[in-house]
There are 2 protein chains.
Amino acid sequence: MQNKITIMLVEDNEAYRNVIKRSFSRDANMELVSQFSTAEIALRSLQELSTRTVPDIILLDLNLPGMSGLEALPYFRQALPDTRIIILTQSDKESDILEAISKGTSGYLLKSATNRQLKDGIRTVMDGGASLDPDVARLILEGMEQTPKQKKPEISLTEKEHSILVLIGQGLEQKDIAKTLCITRNTVAYHIKHIYEKLEVQNAPAAISKAYQTGLFSPGKM
Amino acid sequence: MQNKITIMLVEDNEAYRNVIKRSFSRDANMELVSQFSTAEIALRSLQELSTRTVPDIILLDLNLPGMSGLEALPYFRQALPDTRIIILTQSDKESDILEAISKGTSGYLLKSATNRQLKDGIRTVMDGGASLDPDVARLILEGMEQTPKQKKPEISLTEKEHSILVLIGQGLEQKDIAKTLCITRNTVAYHIKHIYEKLEVQNAPAAISKAYQTGLFSPGKM
DNA sequence: TTGAAAACTACACATCTGTGTAGTGGTCGT
DNA sequence: ACGACCACTACACAGATGTGTAGTTTTCAA
């Protein structure tokens, strides 16, 4: 059998900390190797003891005194890039959830989870998966339900048209686009007119809007 | 005790169908009330028998002969708006997953799931949650990791600046914006200049791009 | 009250944009 | 070989845009 999964707990509520502690103390596969009541203390301990055994998993509360879990998250990630972080909190606020996820967590569990669910989640994460509380998962799913493209009549731009639209979105003027693509400004205008027709708009700003709204562009690129 | 959870299964592989069937036959809380080998047959049965008991859950395979599960999804949703759909498939292709989710599923499980995991998932969905295979959850989480805003220096536009930017994105010209807001075109230009400064761009298309990329605008509105 | 910064209006102007018309060369199906 | 179509170029121009300069009003802290 392999080594125990090592776990760091960052949680201000002592009672809950003890619940977790007791739960792991009876487990042959997991070991709570360190626990802290604030993010600051936890982070300081990482810097001082560079030889400290790196935990496999950090269980991180969001609502901490001083620095919040959300603020601390990037620092943990930087200091311990190989350690996977599971948020363990009461907050089911959508903004908290989305922000935590956007900062790269491997799981988001609510404190209402049973010990068994928590341990399942930890195992799941160690296996390379992600662990989401069902309610959190539903939130995320519902959030994604709209986002992608919704129109049947897919807008299809020529490769050149597409690249011109991208350049427009980057703020280039037509003459600069011409220079970039080694064509004349007239040709650029020619393509742009076609783009507007396909997108059913009449000017550049509207075209860019439409590109994002239809999923032609995705927010993730700059 | 409440009634059994009623389940419809749409799955072309007979062997797997039998596995599921056997699993439910021994369960006091769930009942497999109907099973179909293709989406077409399943959908037809819904139309013909409108008095048929509506299932609580549909377990839907994606890779079906004829109409795929992905294609059939909207029809199921329309015909049975109160029935929650769980995708149960082998495909962990990101595009399949995202498309299924965007069409409004309550869960996405892989066939590698154990009977226990499947039943847990069904129960979770019945409780109002969503059930995701850990690998699927990880995919979604990683996909979301970039998307939201990432900059600390939140861009804050005046209320007027924001509304002007919105109007620009809708394709209005400055003079029309002026008319809409009952100000002069000069004032519109004045605000626009400030918008460009705040967004660090030099023209309207770039400003719109930035607005979407920073989360100032969200794709969901037209 | 005074001064400074911010929000707004006004005017002027060089530049950029969107569009029309027209023409060239290449490709394709018939 | 023909017309049809597409990508491209050229020229022209009204109208829109971005920017500088300047003046007014509002806000707010000293």
Side-chain angles (χ1 to χ4, degrees), chain A residues 151 153-217 219 221-222, chain B residues 149 151-217 219 221-222:
Chain A
K151 288 292 174 194
E154 286 267 345
I155 295 160
S156 70
L157 296 184
T158 302
E159 189 178 338
K160 187 155 297 184
E161 286 169 350
H162 187 269
S163 59
I164 286 179
L165 189 54
V166 170
L167 293 174
I168 290 176
Q170 290 174 355
L172 297 206
E173 289 171 358
Q174 292 186 5
K175 68 170 185 216
D176 296 321
I177 294 174
K179 219 174 292 172
T180 304
L181 299 183
C182 297
I183 52 182
T184 63
R185 126 67 205 181
N186 307 292
T187 308
V188 175
Y190 162 83
H191 287 300
I192 289 177
K193 195 194 297 194
H194 286 203
I195 294 173
Y196 293 171
E197 284 167 5
K198 289 182 181 177
L199 264 50
E200 298 174 299
V201 297
Q202 278 150 269
N203 55 33
I208 300 294
S209 273
K210 201 84 177 233
Y212 279 101
Q213 288 173 353
T214 59
L216 226 177
F217 283 6
K221 58 141 197 58
M222 46 191 309
Chain B
K149 57 213 166 292
K151 288 294 175 193
K152 297 297 150 191
E154 287 266 347
I155 295 161
S156 71
L157 297 184
T158 301
E159 187 179 339
K160 187 155 294 184
E161 286 169 349
H162 186 269
S163 59
I164 286 180
L165 189 54
V166 170
L167 293 174
I168 291 176
Q170 290 173 355
L172 297 205
E173 290 171 357
Q174 291 186 6
K175 70 170 184 216
D176 296 321
I177 295 174
K179 218 174 293 173
T180 304
L181 299 183
C182 297
I183 52 181
T184 64
R185 129 58 210 180
N186 307 293
T187 308
V188 174
Y190 163 83
H191 289 300
I192 289 177
K193 196 196 296 196
H194 285 230
I195 294 173
Y196 293 171
E197 284 167 5
K198 289 183 181 177
L199 265 49
E200 299 174 300
V201 298
Q202 278 152 286
N203 55 32
I208 300 295
S209 276
K210 202 82 177 236
Y212 279 102
Q213 289 172 352
T214 58
L216 226 175
F217 282 6
K221 60 140 197 59
M222 43 192 312

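Chain A is the first sequence line, chain B the second, and so forth, proteins listed ahead of strands; every chain is numbered from 1.
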> Just wondering, are more than 12 heavy atoms of other shown residues or ligands nearer than 6.0 Å to CD in A/Glu159?
Replying inline: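 Open.
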
>> Measuring from atom CD of B/Glu161 to atom NE2 of B/His191, what distance do you get when rounded to the nearest 0.5 angstrom?
In response: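 NE2 of B/His191 is found 7.0 Å from CD of B/Glu161.
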
How long is the line joining [atom1] of [X] and [atom2] of [N], in whole Å?
X	N	atom1	atom2	value
A/Ile164	C/dG18	CD1	C1'	14 Å
A/Lys198	D/dA7	NZ	C1'	12 Å
A/Ile208	C/dT17	CD1	P	12 Å
B/Glu161	C/dA7	CD	C1'	9 Å
A/Lys193	D/dC8	NZ	C1'	13 Å
B/Leu172	D/dT17	CG	C1'	15 Å
A/Asn203	D/dA14	CG	C1'	16 Å
B/Gln202	D/dT19	CD	P	6 Å

>> Once you apply a heavy-atom cut-off of 4.0 Å, does A/Thr184 come out as touching a base, just sugar-phosphate, or nothing?
In response: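 Here A/Thr184 touches the backbone only, sparing every base.
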
> What is the nucleic acid contact for B/His194, judged by heavy atoms within less than 4.0 Å: base, sugar-phosphate only, or nothing?
Replying inline: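 If one applies the 4.0 Å heavy-atom cut-off, B/His194 turns out to touch nothing in the nucleic acid.
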
> For the base of C/dC8, is there a side-chain donor-acceptor partner from B/Asn186 under 3.5 Å away?
Replying inline: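 Flag unset: no donor-acceptor pair detected.
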
> Does B/Arg185 make a side-chain donor-acceptor contact with the base of D/dG15, cut-off 3.5 Å?
Replying inline: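 Looking at the base of D/dG15, it does not pair with any donor or acceptor on the side chain of B/Arg185 (distance under 3.5 Å).
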
At under 4.0 Å, does any side-chain N or O of [X] touch on OP1 or OP2 of [N]?
X	N	answer
A/Lys175	C/dC16	yes
B/Gln174	D/dG18	yes
A/Thr187	D/dC8	no
A/His191	D/dA7	no

> Do you know which two heavy atoms are closest between B/Ser209 and A/Ile208, and how far apart they sit?
Replying inline: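 So the minimum-distance heavy-atom pair works out to OG-CG2, 3.4 Å.
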
>> If you assign B/Tyr190 and A/Ala189 each to the DNA chain C nucleotide with the nearest heavy atom, which residue ends up on the more 5' nucleotide?
In response: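 Upstream on the strand: B/Tyr190.
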
>> Judged by each residue's nearest nucleotide on DNA chain C, which is more toward the 5′ side, A/Tyr196 or B/Lys160?
In response: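 With B/Lys160 and A/Tyr196 compared, the 5'-side residue is B/Lys160.
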
>> Applying ring-ring contact (aromatic ring centres under 6.0 Å, His included) as the test, list every pair that has at least one member in residues 162-190 of chain B; sequence neighbours left out.
In response: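 Sorted pair list: B/His162-B/Phe217, B/Tyr190-B/His194.
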
> Testing B/Leu165, B/Thr187, B/Ile168, B/Val166 for side-chain contact (heavy atoms from CB on, under 4.5 Å) with B/Ile177, which one passes?
Replying inline: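 One option only clears the test, and that one is B/Ile168.
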
